[in-house]
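A short write-up of the structure that comes next.
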Amino acid sequence: MKYVLAGASGFLGKALTRDLVADGHQVVRLVRRTPTAPDEVRWDPARGDLDPGALGEPDVLVNLAGANIGRPWTPTYRRTIRESRVSTTSTLARVATQLDRRPVVITQSGIGGYGKDLGDQILTEDTPLGDGFLADVVHLWEGALEPAQQAGSRVAALRTGVVLDRKAPAFQLLTLPFRLGLGGRLGPGTQYFPTVSLTDWLRAVRHVAEHDTLTGPINVALPTPPTNAEFTKALATALHRPALLPVPAVLMKTALGEFAWELLGSKRALPTRLQSTNFTFHHPTITPTIQAALT
């Protein structure tokens with residue numbers, strides 16, 4: 001298959017490119033500079049510029065682009081978070097309508113769209129989006145797929161938990177306190193913390209690309225979601241480090257502002273649609289997921 005990939009320079013983009021190429025698929029990487037390799041095509045999503053003719057006849061368009069949410073959410077940076085996702089998705093969706101053959105269009109999305117703190121509530125793809133900044137972003141982000149859908153493309157939005165891998169920036173930050181002997185649960189520890197291994201995330205992307213019945217939002221997270229306390233215990237055990245220093249919720253809210261809810265809020269999201277199409281997880285629980293990430 002031929003994939004066009006936005007966000008190819010990021011951690012997930014590099015991993016997906018390697019995985020696809022290793023299996024014989026063709027990957028075209030969208031870049032915002034002058035191309036330096038035959039598999040690169042220049043685009044400017046802020047202006048909506050992408051030449052459909054430069055893409056040939058792709059089977060799948062994948063958008064993994066988006067500004068890092070782990071920075072303070074100032075009014076200016078909120079706009080950056082939103083526009084970096086919506087402009088890239090809308091540009092790909094518009095181009096999909098101009099191609100001779102309608103490709104599948106897949107965008108990364110976020111479980112944060114369900115809201116800040118949902119307690120024990122089970123979250124499936126049929127659960128309505130919630131309130132808050134990230135929920136508003138997800139609404140616009142996924143809504144940007146609509147032109148492609150109306151033109152006949154199959155579209156999907158991957159509502160992904162934290163992808164765990166030793167090279168993933170988020171996982172490196174999560175493990176650092178433990179490596180220093182300062183690890184502990186975050187806040188109460190009872191909040192559900194959706195995660196997934198890199199291996200299963202890569203498999204999920206390709207599963208969605210190849211299964212014609214999968215459309216709309218797709219939760220990509222462990223079928224047995226851990227609480228933060230369970231995640232902490234498994235991580236400490238795998239690293240052979242103590243987990244004795246819980247981080248108070250009030251301290252996290254003071255230091256991180258609204259972003260703290262991404263770590264303190266409970267999101268018990270289940271991958272209902274993936275499993276309905278016989279997708280099986282190589283790492284279905286948190287312990288093997290962490291072990292895979294560390295190796």
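Below, all heavy atoms of this structure are taken into account, side chains as well, without hydrogens, waters or symmetry copies.
Of the candidates K116, Q121, E262, K267 forms a side chain to side chain contact (heavy atoms under 4.5 Å, CB included) with just one, namely E262. Test V205, L202, V27 against D19 for side chain to side chain contact (heavy atoms under 4.5 Å, CB included) and you get one pass: L202.
Contact detail for D126 and R273: the closest heavy-atom pair is OD1-NH2, 3.1 Å. Nearest heavy-atom pair, P103 versus P58, reported as atom, atom and distance to 0.1 Å: CB-O, 3.6 Å. For D212 against R154, the heavy-atom pair with the smallest separation is O-CD, 3.1 Å. Taking both residues in full, the closest heavy atoms of P45 and T91 are given as O-OG1, 3.5 Å, listed atom of the first, atom of the second, then distance. Between V86 and A144, the shortest heavy-atom distance links the atoms O-CB, 4.0 Å. Taking all atoms of both residues into account, the shortest heavy-atom contact from H207 to T277 is NE2-OG1, 2.8 Å.
Distance alone, capped at 3.5 Å, is enough to place a donor-acceptor pair between the E230 side chain and the T227 backbone. Side-chain N or O atoms of S84 include one that pairs as donor or acceptor with a backbone N or O of A67 at under 3.5 Å. Side chain of Q191 to main chain of L186: a donor-acceptor pair is present (N/O by atom type, distance under 3.5 Å, no hydrogens or angles). Judged by distance alone, the side chain of R241 and the main-chain N or O of T237 form no donor-acceptor pair under 3.5 Å. Although no hydrogens or angles enter the test, the distance criterion places a donor-acceptor pair under 3.5 Å between the side chain of D117 and the main chain of S266.
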>> Test salt bridge (charged side-chain N to carboxylate O under 4.0 Å, His left out) on K167 and D165; report intermediate values, then the result.
In response: CA-CA 5 Å; K167 294 183 179 179; D165 181 79; over 6 Å; no

> Under the salt bridge (charged side-chain N to carboxylate O under 4.0 Å, His left out) criterion, do D136 and R82 qualify, and how do the steps go?
Replying inline: CA-CA 9 Å; D136 292 341; R82 180 176 59 250; over 6 Å; no

>> With side-chain contact (heavy atoms from CB on, under 4.5 Å) as the criterion, how do I286 and T195 come out once you've worked through the C-alpha distance, each side chain's angles and the decisive distance to 0.1 Å?
In response: CA-CA 8 Å; I286 192 58; T195 62; 3.5 Å; yes

>> Run T160 and I111 through side-chain contact (heavy atoms from CB on, under 4.5 Å) and show every step you take.
In response: CA-CA 6 Å; T160 303; I111 283 178; over 6 Å; no

> Would L50 and L55 count as a side-chain contact (heavy atoms from CB on, under 4.5 Å) if you check the C-alpha gap in whole Å, the side-chain angles of each, and the deciding distance to 0.1 Å?
Replying inline: CA-CA 9 Å; L50 176 59; L55 304 181; 4.1 Å; yes

> Please walk me through it: do Q26 and V4 pass side-chain contact (heavy atoms from CB on, under 4.5 Å)?
Replying inline: CA-CA 8 Å; Q26 181 182 358; V4 173; over 6 Å; no

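Atom CZ of R78 and atom CZ of R71 lie 13.5 Å apart (nearest 0.5 Å). Remark: D51 CG to R42 CZ distance equals 13.0 Å, nearest 0.5 Å. The distance from atom OG of S109 to atom CZ of R159, rounded to the nearest 0.5 Å, is 5.5 Å. Here the OH atom belonging to Y77 is positioned 10.5 Å from the CZ atom belonging to F259, to the nearest 0.5 angstrom. Rounding to the nearest 0.5 angstrom, the gap separating the CZ atom in R85 from the OG1 atom in T80 is 10.0 Å. With values rounded to the nearest 0.5 angstrom, D120 atom CG is found 8.0 Å from T190 atom OG1.
Placement of L61 and L64 in two distinct hydrophobic clusters is found when ILVMFWY residues are connected by side-chain heavy-atom separations under 4.5 Å, directly or transitively. Under the 4.5 Å side-chain contact rule for hydrophobic residues, M1 and I106 share a cluster. Hydrophobic clustering, with ILVMFWY side chains joined whenever heavy atoms are under 4.5 angstrom apart, keeps V105 apart from L214. L251 and L263 fall within the same hydrophobic cluster, where Ile, Leu, Val, Met, Phe, Trp and Tyr residues are linked whenever their side-chain heavy atoms come under 4.5 Å apart, directly or through other members. Clustering ILVMFWY residues whenever any of their side-chain heavy atoms sit less than 4.5 angstrom apart, transitively, puts V21 in the very cluster that holds V62.
V138 is listed as a side-chain neighbour of L129, based on a closest heavy-atom distance under 4.5 Å. When side chains are defined from C-beta on, N68 does not count as touching I81, because their heavy atoms never get closer than 4.5 Å. P271 has its side chain within reach of F281: a pair of non-hydrogen atoms, C-beta onward, lies under 4.5 Å apart.
Sorted by first then second residue, the ring-ring contact (aromatic ring centres under 6.0 Å, His included) pairs that include residues 115-163, not counting sequence neighbours, are W73-F133. Judged as a ring-ring contact (aromatic ring centres under 6.0 Å, His included), the pairs with a partner in residues 213-246 (not counting sequence neighbours) are, in order, F193-F231.
The 12-atom threshold is exceeded at CD of Q98, counting heavy atoms of other residues, nucleotides or ligands nearer than 6.0 Å. Residue K233 places its NZ atom among 12 or fewer non-hydrogen atoms of other residues, nucleotides or ligands, all under 6.0 Å distant.
Taking Ile, Leu, Val, Met, Phe, Trp and Tyr as hydrophobic and joining them when side-chain heavy atoms fall under 4.5 Å apart, one finds Y192 isolated, its cluster having no other members. L180 belongs to a hydrophobic cluster with L176, L182, L245, counting contacts under 4.5 Å between side-chain heavy atoms of Ile, Leu, Val, Met, Phe, Trp and Tyr, direct or through other members.
Every residue meeting the side chain to side chain contact (heavy atoms under 4.5 Å, CB included) condition with Q149, not counting sequence neighbours, appears here in chain and number order: V155. Residues satisfying the side chain to side chain contact (heavy atoms under 4.5 Å, CB included) test with A6, not counting sequence neighbours, are L30, W43, N63, L92. A search for salt bridge (charged side-chain N to carboxylate O under 4.0 Å, His left out) contacts involving E40 returns R29, R33, not counting sequence neighbours. For A151, the side chain to side chain contact (heavy atoms under 4.5 Å, CB included) partners at least two apart in sequence or on another chain are T97, R102. Taking the side chain to side chain contact (heavy atoms under 4.5 Å, CB included) definition, one finds that D23 meets it with H25, R206, sequence neighbours left out.
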Mind listing the side-chain donor-acceptor pairs of residues 11-18 below 3.5 Å, one per line with the distance, residues two or more places apart or on another chain?
from	atom 1	to	atom 2	distance (Å)
T17	OG1	G13	O	2.9

For residues 287-294, dump all side-chain donor-acceptor pairs below 3.5 Å to protein atoms at least two apart in sequence or in another chain.
from	atom 1	to	atom 2	distance (Å)
T289	OG1	H283	O	3.2
T289	OG1	T285	O	2.7

Hey, can you pull the donor-acceptor pairs under 3.5 Å for the side chains in residues 218-225, sequence neighbours left out?
from	atom 1	to	atom 2	distance (Å)
N219	OD1	Y114	OH	2.8
N219	ND2	Y114	OH	3.4
N219	ND2	L123	O	3.3
N219	ND2	L270	O	2.9

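Relative to the ring axis of F171, R166 does not place its NZ or CZ within 45° and under 6.0 Å from the centre.
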